[in-house]
Structure formats: structure tokens, C-alpha cells
Asker: 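This is the structure I want to talk about, given as C-alpha cells.
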Amino acid sequence: MTDRRRSDDYKQVSGYVPNSLVREFKVICAREGMSQSDAIEEMLYEWVAKRGGAGCLEEEESPKTVADLVRVNMAKLKRCGVKNLQAIAKGEVLPTPGDFAIITSYLAIPEEERKTIWQETFKISVERGSTGVKVYKYSGGIKKGECEYS
């Protein structure tokens, strides 16, 4: 899990809202087993996209790789059951075919786009001159049963 306070990839956002809204927000987060940071991140992505935001959200419209897809949709995907999302988002590992299916199904990605994303991910990893990409047999970063694609 990323320590967002110490990460250069995250910044704190704050504001003042009514107490009743705060209580309801905390109840819903607890009920859904979601951190408040993840909920706020999800809401901000939706809010910015709804208002025609650009920049960091351009990836959301057309992700090029599995890492892009996971990074942009991290808050949503935390509830899908794939354990090594952080490593996938950073491009450190590729998901297993089963985890890739879960991710793309959870996000309702059409089949043709799934193929394109997978192919582009593999192409980029090969073009970077890597000797292989680690793929965990089981999600959660369990090294037992680790495979390499080269």
C-alpha cells in the first residue's frame, strides 16, 4: 500500500463541509470498506471529468497500457479483488490473465480495446529493452509461482 503522505505522486486536498455530510461520508466509506482518500479521489476524477477536465484525465478516455488503465481507475479497482494493483499501476508487474480479465470486466472495457491495451503493454515492455516482465501467478505479489515473460 502506498504511503500517500510521503509520496511525491499525491497532494493533500482539504475543505470545509457540513458535519452531517461528513458523518454520512464516513459511514458510507466504512460500510463499503473504502478509505476516505480513495473515495475522495474517485469523486474528484468524476467531478473533473464531468466538467471537461483535461491533462491527467486524458488517459482515462483512452488508456494505452494496463498500467495506465489501473492508475487512472485505482480508486474503483480497489474493490475488484486484484491484490497487486499498486505494482501493476507502476508498471512493475503485469497482471495475470485472470486479473487482467477481472480489471477489464470490472471497468466494462470492450473486447477489442482489451486486446489493444494488452498488446500495447507487451510492446512497450519489449521496446524498453527489458529482459522480462514479472507476472505473479497469484495476485497479491506472492513470489511463489512467479513467471517471466520475455
Side-chain angles (χ1 to χ4, degrees), residues 1-118 120-122 124-125 133-149:
M1 183 174 217
T2 301
D3 183 358
R4 293 181 181 193
R5 283 181 199 249
R6 291 170 181 72
S7 174
D8 291 336
D9 296 329
Y10 291 88
K11 297 291 178 207
Q12 183 176 356
V13 175
S14 63
Y16 293 92
V17 295
N19 286 332
S20 59
L21 182 58
V22 171
R23 280 191 298 273
E24 191 69 23
F25 173 69
K26 288 181 176 185
V27 166
I28 292 170
C29 286
R31 183 176 59 223
E32 294 191 9
M34 182 179 216
S35 75
Q36 292 175 31
S37 289
D38 288 340
I40 291 168
E41 182 178 348
E42 183 177 322
M43 288 184 281
L44 285 173
Y45 271 117
E46 291 173 10
W47 188 85
V48 170
K50 185 177 176 181
R51 283 159 177 78
C56 69
L57 299 182
E58 287 180 25
E59 290 179 304
E60 192 170 29
E61 293 175 13
S62 181
K64 303 278 188 246
T65 65
V66 176
D68 294 340
L69 184 66
V70 172
R71 193 171 34 259
V72 170
N73 294 287
M74 183 65 78
K76 292 177 189 174
L77 290 170
K78 289 201 174 184
R79 296 174 282 192
C80 77
V82 175
K83 303 293 183 200
N84 55 345
L85 289 173
Q86 292 292 338
I88 294 169
K90 291 177 185 175
E92 294 171 350
V93 298
L94 293 175
T96 64
D99 283 346
F100 182 73
I102 291 168
I103 291 165
T104 53
S105 294
Y106 198 82
L107 297 172
I109 305 293
E111 185 62 32
E112 282 304 310
E113 193 174 341
R114 290 178 193 201
K115 290 177 186 176
T116 303
I117 291 168
W118 187 261
E120 188 65 23
T121 300
F122 184 73
I124 287 172
S125 67
V133 178
K134 294 179 183 175
V135 179
Y136 295 129
K137 186 173 180 182
Y138 304 104
S139 50
I142 300 170
K143 304 254 183 203
K144 187 176 179 183
E146 180 179 316
C147 305
E148 270 194 21
Y149 285 126

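This chain uses plain numbering: 1 for the first residue, then up along the sequence.
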Asker: Ignoring hydrogens, what is the shortest heavy-atom contact between A89 and A67? Give both atom names and the distance.
Answerer: O-CB, 3.6 Å
Asker: Would you say the side chain of T104 lies within less than 4.5 Å of the side chain of I117, judging by non-hydrogen atoms?
Answerer: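 Of all side-chain heavy-atom pairs linking T104 with I117, none is under 4.5 Å.
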Asker: Stepwise, does the side chain to side chain contact (heavy atoms under 4.5 Å, CB included) test hold for V82 with V70?
Answerer: CA-CA 11 Å; V82 175; V70 172; over 6 Å; no
Asker: To the nearest 0.5 Å, how far apart are CG in L69 and CG in L107?
Answerer: 5.5 Å
Asker: Are any of the side-chain heavy atoms of L85 and I103 separated by less than 4.5 Å?
Answerer: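 Side-chain contact under 4.5 Å: yes.
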Asker: How long is the straight-line distance from CD of E120 back to CD of E113, given to the nearest 0.5 Å?
Answerer: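 Reported value, rounded in 0.5 Å steps: 12.5 Å.
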Asker: Less than 4.5 Å apart, any side-chain heavy atom of I88 and any of V93?
Answerer: yes
Asker: What's the separation between atom CG in L94 and atom OG1 in T65, rounded to the nearest 0.5 Å?
Answerer: 9.5 Å
Asker: How close do F100 and R114 get, heavy atom to heavy atom, and via which atoms?
Answerer: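 Heavy atoms of F100 and R114 come nearest at CZ-O, 3.5 Å.
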Asker: Could you grab the distance from atom CD of E41 to atom CG of N73, nearest 0.5 Å is fine?
Answerer: 10.0 Å
Asker: If you round to the nearest 0.5 Å, how far is CD of E111 from OG1 of T116?
Answerer: 10.0 Å
